[in-house]
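First comes the structure, then the notes that go with it.
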Amino acid sequence: EGGTVSDDATFLVKELCKQRTTMSAVELFNYIYLLRMDSSYFLYEKLEVWQLSMDFVDNIYALLRNFPNEEKFALTSQIRRAAISIPSSIAEGTGRFSDKEKVRFLDIAHGSLYEGFADENINKAGYIQDEDLISIKAQATRIAKMLGGLRRSYHNKLGNSTDVNT
C-alpha cells in the first residue's frame with residue numbers, strides 16, 4: 001500500500017511468477033511500462049509555461065463568452081484556436097526527440113500567442129473591458145518571456161546563437 005511504481009512492478013512480477021502465468025517477457029514488460037505511465041510521464045505538465053498557458057486558454061475562453069453571436073464562427077473561433085495552440089505546441093514539442101524540433105514547436109507556440117493579439121482592434125468594438133485586456137496582455141507577456149527563456153536554453157544546448165527575442 002502506497003509503494004512506489006518500482007515496488008508495484010516487483011510485486012506484480014512475483015505474483016505473476018507464483019501464478020505461473022503464460023505472459024511473455026514482452027507482455028510483462030509492456031504491462032509494467034503501462035504501470036509507470038502516470039501523469040508524470042508527460043513532462044510538459046510539469047512546465048510552468050504550459051500550466052500558465054492552460055490558464056491563459058481558460059481566461060481567453062471566459063472573455064470570449066461576452067462576444068456577440070455574429071462573431072462566434074469568425075473572430076472568437078480564430079482566437080480560441082490560436083490560444084489552444086499555445087499549450088498544444090508546447091506539449092507536442094516536449095514529445096520530440098531533438099532539441100531543434102523542440103525549439104520549432106516553441107516557435108509555433110510563440111507565434112500563436114501573437115496571433116491571438118493580431119485582432120486587438122476587437123477592443124475598439126467594446127467586446128473586452130480595458131482591465132480584462134490589460135490582465136490578458138500581462139499573462140501573454142509572461143508566457144512569451146517564459147517561452148523565450150525555454151527556447152534560449154535549448155539553443156544554448158545546441159550551441160546556436162540564433163535570435164531568441166520575445
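No hydrogens, no waters, no symmetry mates; every other heavy atom, side chains included, goes into these values.
For the residue pair S85 / R81, no side-chain donor-acceptor distance below 3.5 Å is found, with atom types taken as modelled.
The distance from the CD1 atom of I79 to the CD1 atom of I136 is 10.5 Å, given to the nearest 0.5 Å. The OG atom of S135 sits 8.0 Å away from the CG atom of L63 when rounded to the nearest 0.5 Å. One distance of note links OH of Y44 with OG of S88; it measures 9.0 Å at 0.5 Å rounding. How far NZ of K46 is from OG1 of T94: 12.0 Å, rounded to the nearest 0.5 Å.
The two residues Q139 and L52 have their closest heavy-atom pair at NE2-O, 4.4 Å. Of all heavy-atom pairs spanning E45 and W50, the tightest one is CA-CE3, 3.7 Å. For I86 against S112, the heavy-atom pair with the smallest separation is CG1-CB, 3.9 Å. In plain terms, the two heavy atoms of I128 and L133 that are nearest each other are CG2-N, 3.8 Å. In plain terms, the two heavy atoms of A140 and L113 that are nearest each other are O-CD2, 3.3 Å.
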Exercise for the section: With side chain to side chain contact (heavy atoms under 4.5 Å, CB included) as the test, would you mind laying out the steps for H110 and R151 before giving the verdict? Expected result: CA-CA 10 Å; H110 198 258; R151 188 171 179 261; over 6 Å; no

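Remark: D55 pairs with no residue by the salt bridge (Lys or Arg N to Asp or Glu O under 4.0 Å) rule, at least two apart or across chains.
Checked against S53 for a side-chain contact (heavy atoms from CB on, under 4.5 Å), the options L47, I143, L147 give a single hit: I143.
Judged purely by atom type and a 3.5 angstrom limit, E101 has no side-chain atom pairing as donor or acceptor with the backbone of G93. Checking side-chain atoms of T141 against main-chain N and O of K137 turns up a donor-acceptor pair under 3.5 Å.
Its side chain within the 4.5 Å cluster rule, V57 clusters with Y61, I84 among the Ile, Leu, Val, Met, Phe, Trp and Tyr residues.
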